[in-house]
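Please read the structure below before turning to the comments.
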Amino acid sequence: MPASRIPPDSERLVPPNFITEIIDADLRSGKYDEIVTRFPPEPNGFPHIGHAIASFIDCGIARDYRGRCHLRMDDTNPLTEEMRYVEAIKRDMEWLGWGWGEHFYFASDYYGRLYEMAEQLIKEGKAYVDSLSEEEIREYRGTVEKPGRPSPYRERSVEENLDLFRHMAAGEFEEGAHVLRAKIDMSAANMKLRDPILYRILKAEHYRTGDRWKVYPMYDFAHPLSDYIEGITHSLCSSEFIDNRAVYDWLVENLAGKCGLPEWPRPKQIEFGRRSLEYTVVSKRKLIQLVERGLVEGWSDPRMPTLAGLRRRGVRPQALIAFARKVGISRTDRTVDIALLEWAIRDDLNPIAPRVMAVTEPLKLVLTNYPEGELEELEAPYFPPDVGKPGSRKVPFGRELWVESADFALKPPKGWKRLVVGGHTRLRHAYVVRIDEAVTNDAGEVVELRGVYLPESLGKNPEGVKVKGAVHWVAAGPALAAEFRLYDRLFKVPLPDAGEGSFLDHYNTDSLKVLQGYVEPSVATGDPETRYQFERLGYFWRDPELGRGERPVFNRIITLKDTWKKPKEQKPAAKPARKAEPKREDKVAALEPEQRLVFDRCRHLGVGEAEALQIARSEKLRVYLEDCSGYGPPSLAAPWVVHVLGKAIRAGEVRVTPADLMELLAQLEKGVFDRRTAKQALEQAQESGGTPLELARELAAGQMTADELQKLIDEVLAENPDKVAALKGGKTGLLGFFVGQVMRRSQGRANPEQVQSVLREQFNL
RNA sequence: UGGGGCAUCGUCUAACGGCAGGACGGCGGACUCUGGAUCCGUUGGUCGUGGUUCGAAUCCACGUGCCCCAGCCA
C-alpha cells in the first residue's frame with residue numbers, strides 16, 4: 001500500500017506542509033506508488049544557503065516518504081557551466097548529509113533522448129523551426145499587455161521543419177539563424193505559452209559533451225522531460241516557475257507514452273515560496289562582486305553565505321538542517337530573521353563544544369601577592385553541569401595573567417559585573433581577585449591592572465566579600481599566542497537589496513576583525529577539528545585553511561547570546577504601515593445604467609444589497625438567477641447563487657442546475673433539513689455531481705434525534721470539565737469549541753443550530 | 001497596465017467553517033563560578049471593507065499591498 005509510506009508527523013524531518021499534504025493525498029489515492037523527487041542545480045556557481053533550503057525540501061521530503069531524491073545537474077547552457085561547480089555541488093550536498101546512491105544525473109546525458117522527443121513534436125506538427133531574428137522574435141512575442149502574433153514561419157510543413165532542425169543539429173547554421181519552438185499559442189495571456197523556444201543553436205564547448213552538440217535544449221524543454229525520464233513524481237521548485245508549469249504540463253501531456261516515456265507515472269510540478277535571509281545576498285552576480293572587489297577573501301570566506309563559507313566558518317550541517325526545519329515551507333516568499341539561523345548554530349554547538357578560555361584583546365593583570373615565577377595547575381571541567389558531559393583539563397595559574405580588556409572598566413556603567421578598581425571578581429575556575437590599581441599610559445589608556453588574589457577563594461566564595469561576576473583569563477607564561485578572526489554580518493542592513501543604490505553601499509566594513517591574543521595551553525593538544533566555546537566569547541574553531549599550523553588561527557563561528565550589551569540593537573519596526581483605506585465609494589452609483597436596472601430589480605424582489613450588487617456586475621450570475629426565478633423567489637436563491645455557487649457560475653463550471661437548486665431550497669424552507677445540510681449537499685453536487693436534493697435527503701436521513709444529541713452533548717461536556725469551567729467563567733469563545741466537538745463527534749449528523757441552542761440554554765448564555 | 005502567485009504576532013509557521021497555537025526575537029523573573037545554557041512568566045497577530053453563516057483566518061465580492069512573467073538564462 002502506497003499509503004503506508006506516509007510517515008507520522010512525529011517522525012518527519014520536514015514539518016508537514018502543503019506539499020506533503022498533496023503527497024499524502026497522492027499516496028492515499030494510489031496515484032503514485034513511491035515518491036521520487038530531484039534536486040536540480042545548474043552547475044554555474046557555488047551552492048549557498050538557498051541551496052541548503054531547497055535541497056532540504058527536495059531530499060528531506062523524499063527521505064520522509066522512504067522515496068528517492070535524485071541529484072541532477074541541470075546543465076543545458078554550455079556557456080555558464082563548469083566541472084568544478086559540479087564537484088562543489090556534490091561535495092556540499094554530501095556534507096549536508098544527502099545521499100543519492102546511483103541516482104546522480106546530468107541533463108546533458110539526456111541530450112540524445114531529448115533530441116528525439118523534439119523530432120517527435122515536429123512530426124506531430126507541434127513544434128516548428130522559426131527563422132526570425134532574436135529581435136524579431138521578441139517583437140512578435142508581444143508584451144505583457146499586447147498579445148503576440150504568429151511568426152511567418154509558424155506554418156512550415158513537417159518535412160521542412162524536420163529537415164531544418166536536422167541541419168541545425170548538424171551544425172550547418174550560424175548561431176541565431178533558427179530556433180525550434182513549440183506551437184502553442186502566440187496570444188496566450190501567459191507569456192510562457194507564446195510558443196516557447198525549445199532549442200537554440202550554440203557553437204560552444206560544453207564542459208561534458210564538448211562539441212558533439214550544436215543545438216541545446218532550453219530549460220522549459222529539458223527540465224520537465226528530464227523529470228519524466230527519471231521517473232520523478234513530484235518536481236518541487238520555487239515560485240518563480242509557476243508560469244512555466246503550463247509548458248511543463250503541455251510537454252508531459254504531449255509526449256506521454258512516446259519516445260520511451262511511460263504513460264505513468266507522470267511528473268508534476270509543485271512550487272514553494274522562496275526564502276531569503278536578512279543581511280545576506282546570494283545571487284551569483286552579487287557574490288562575485290564581493291569576491292572580485294576583495295571585499296571577501298574568496299568564495300569560501302567565512303562571511304560568505306556559500307556552503308563552503310559556512311563550513312569554513314565552522315557551522316555544522318546539522319545546524320543548517322535545523323534551521324531549514326524551523327523556517328518551514330509555505331507558498332509565500334519570505335525573508336527569514338537572521339536570528340533564527342544564529343539560534344540554530346548556537347543550539348547545535350552548545351551541547352557539543354568543550355569550554356575553554358581565550359583572551360582576544362589581552363590586558364595584563366598582575367597579582368602582587370602571588371609568588372613570582374610560580375605556577376599552579378587548576379582543574380577545570382570541559383562542560384558545565386547542564387550539558388552534563390564528562391572531561392576536564394588542567395589550567396595553569398600564576399602571578400601574571402591576561403584578561404579581556406573589555407572586562408575592565410575605569411568608570412563602570414550601572415549593573416557592571418566585571419573587573420573594576422576596588423571590586424572583587426571571580427576568575428573563572430580559579431580565585432577571586434581584587435583590583436587595586438589600573439596603570440595608564442600617557443594617553444590615559446589602561447595598560448595594566450594590579451591587584452591581589454584571595455587564596456581561600458578557590459571553589460568557594462570568601463566570606464564578607466561581595467563577588468560580582470566571573471571573567472575568563474589565561475596565564476601569561478604558558479598561554480598560547482593565537483589569532484582570532486571575528487566575523488560579523490556582511491551587510492549593515494537587513495535587506496541590502498532593497499531601496500535605492502547598490503547592495504555594496506551596505507557592505508559592513510567591520511564584518512571581519514582580526515585580533516591577536518592568547519588561548520589556554522590545553523588547546524594545543526586538542527583535535528584541531530574541535531569546535532570550542534571560548535567562555536563568554538562565543539564558539540570558535542581553527543580555520544581549516546590557515547589555522548591548523550603551529551600558530552593557531554581561530555574563526556569565531558558565532559557569538560554567545562549577549563543580553564548585557566548596553567546599547568541594545570533595536571530591531572527596526574518592520575512592516576511599513578499599509579496605505580490608508582480608500583474610502584468605500586458608492587459602488588452602486590458606479591454601476592452602468594443597465595447594471596443599475598438589474599440592481600434595482602433585484603432589490604425590488606427582496607435581494608440583499610451586497611448580493612444585488614454582485615449580480616448586477618456579473619452577467620453570468622444574473623442569467624443564472626433569472627433561470628432560478630422560474631422555479632422560486634429570487635430573494636431565496638440569491639445568497640446561494642452568489643456565495644455558494646458564485647465562483648463556479650462565474651467560471652462557467654456550474655454543475656447544479658437552477659431547477660435543482662430551487663428544488664433544494666424549497667425543501668429547505670419547509671424545514672426538511674437545515675441550512676448546513678443544504679450547503680453540504682450543494683457543495684457535494686458541485687464537486688462530484690448528483691442531485692443536491694437527493695444528497696441533502698441522504699445527509700438528513702442520518703440526523704440525530706434530540707435525545708441522541710443531548711447524550712452526545714453531555715458526553716462532550718463531561719470530557720472537558722476544565723473547559724466547562726472556563727465557559728462558565730465567561731470564556732464564551734468556548735461555545736464554538738463545544739459546538740465543533742459535538743459536530744465532529746456526530747460526524748455531521750447533528751444540527752449545529754440545535755446544539756448551540758441547547759448549550760446556550762444549559763449555560764444561560 | 002495583461003496574466004499568474006501570495007497576504008496570520010517584530011520574524012518564520014500552524015489551525016476538517018468551531019479555543020487563533022508553536023518557534024525565534026523582545027521584556028521580566030528564578031537559577032548560575034559563562035551577562036551562556038536551563039526553567040518559569042510575559043508581550044504580540046488574522047491586510048481593509050462589505051456579505052454568507054448559529055459560528056469566518058478559512059467561503060463569496062470589492063479593494064489594498066508585495067512578488068513573478070515580455071532571455072535564443074535557469
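Computed over heavy atoms, backbone and side chain alike; hydrogens, waters and symmetry mates excluded. Naming: A, B, ... by sequence-line order, numbering from 1 per chain. Since the model is a prediction, treat every value here as computed from it, not as a measurement.
- If you take CZ of A:Arg325 and P of B:C24, they are 13 Å apart, rounded to a whole angstrom.
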Output a table of nitrogen or oxygen pairs between the protein and nucleotides 19-22 of chain B separated by less than 3.5 Å.
from  : atom 1 : to       : atom 2 : distance (Å)
B:C19 : N3     : A:Lys723 : NZ     : 2.5
B:C19 : N4     : A:Lys723 : NZ     : 2.5

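- Among residues two or more places apart in sequence or in another chain, the side chain to side chain contact (heavy atoms under 4.5 Å, CB included) test is passed with A:Arg603 by A:Phe599, A:Glu609, A:Ala612.
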**OP:** Could you encode protein contacts along nucleotides 66-74 of chain B as a string, one character per nucleotide from 5' to 3', using B for base contact, S for sugar-phosphate-only contact and - for no contact, with a heavy-atom cut-off of under 4.0 Å?
**Re:** -SBBBSBSB

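- Atom CG in A:Asn720 sits roughly 16 Å away from atom P in B:G18 (whole-Å rounding).
- With sequence neighbours left out, A:Lys561 forms a side chain to side chain contact (heavy atoms under 4.5 Å, CB included) with A:Arg346, A:Thr563.
- The base of B:G35 sits within donor-acceptor range of the side chain of A:Arg418, with an N or O pair under 3.5 Å.
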**OP:** At under 4.0 Å between heavy atoms, which parts of nucleotides 36-41 of chain B does protein reach? Answer with one letter per nucleotide, 5' to 3': B base, S sugar-phosphate only, - none.
**Re:** BB----

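- The residues A:Asp407 and A:Arg418 are annotated as salt-bridged, a charged nitrogen and a carboxylate oxygen being separated by less than 4.0 angstrom.
- Note on A:Lys647: only backbone sugar-phosphate atoms sit closer than 4.0 angstrom, heavy atoms only; bases stay farther off.
- For A:Leu341 and B:A23, the CG to C1' distance is 15 Å, given to the nearest whole Å.
- A tilted orientation is assigned to the rings of A:Tyr431 and A:Phe397, their planes being inclined by 30° to 60°.
- The listed nucleotides are B:C54, B:U11, B:G51; the one nearest the side chain of A:Glu611 is B:G51.
- Distance, A:Trp564 CH2 to B:G35 P: 11 Å, rounded to whole Å.
- For A:Glu719, the side chain to side chain donor-acceptor pair (under 3.5 Å) partners are A:Arg745, not counting sequence neighbours.
- Taking atom C1' in both B:A56 and B:C16, one finds a spacing of 14 Å when rounded to whole Å.
- With sequence neighbours left out, the salt bridge (Lys or Arg N to Asp or Glu O under 4.0 Å) criterion links A:Glu753 to no other residue.
- Applying the salt bridge (Lys or Arg N to Asp or Glu O under 4.0 Å) test to A:Arg744 and every residue at least two apart in sequence or in another chain returns nothing.
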Original post:
RNA chain B in dot-bracket, Watson-Crick or G-U pairs under 3.5 Å, [ ] crossing, | other strand?
Top reply: .((((((..((((....[..))))((((((.......))))))...(((((..]....))))))))))).....

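- Scanning for salt bridge (Lys or Arg N to Asp or Glu O under 4.0 Å) contacts around A:Asp497 gives A:Lys286, with sequence neighbours left out.
- Picking from B:G35, B:G18, B:C60 the nucleotide with the shortest atom distance to the side chain of A:Lys417 gives B:G35.
- For A:Glu520, the salt bridge (Lys or Arg N to Asp or Glu O under 4.0 Å) criterion is met by A:Arg393, not counting sequence neighbours.
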Would you list the atom pairs, donor with acceptor, under 3.5 Å between side chains in residues 218-225 of chain A and any protein atom, with sequence neighbours excluded?
from     : atom 1 : to      : atom 2 : distance (Å)
A:His223 : ND1    : A:Asp74 : OD2    : 2.8
A:His223 : NE2    : A:Arg38 : NH1    : 2.7

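- Atoms NZ (A:Lys679) and P (B:G55) sit 12 Å apart, rounded to a whole Å.
- With distances taken from any side-chain atom of A:Thr332 to the nucleotides B:G4, B:A7, B:C54, the minimum falls on B:A7.
- Regarding A:Lys468, its NZ atom lies at a distance of 16 Å from the C1' atom of B:C33, rounded to whole Å.
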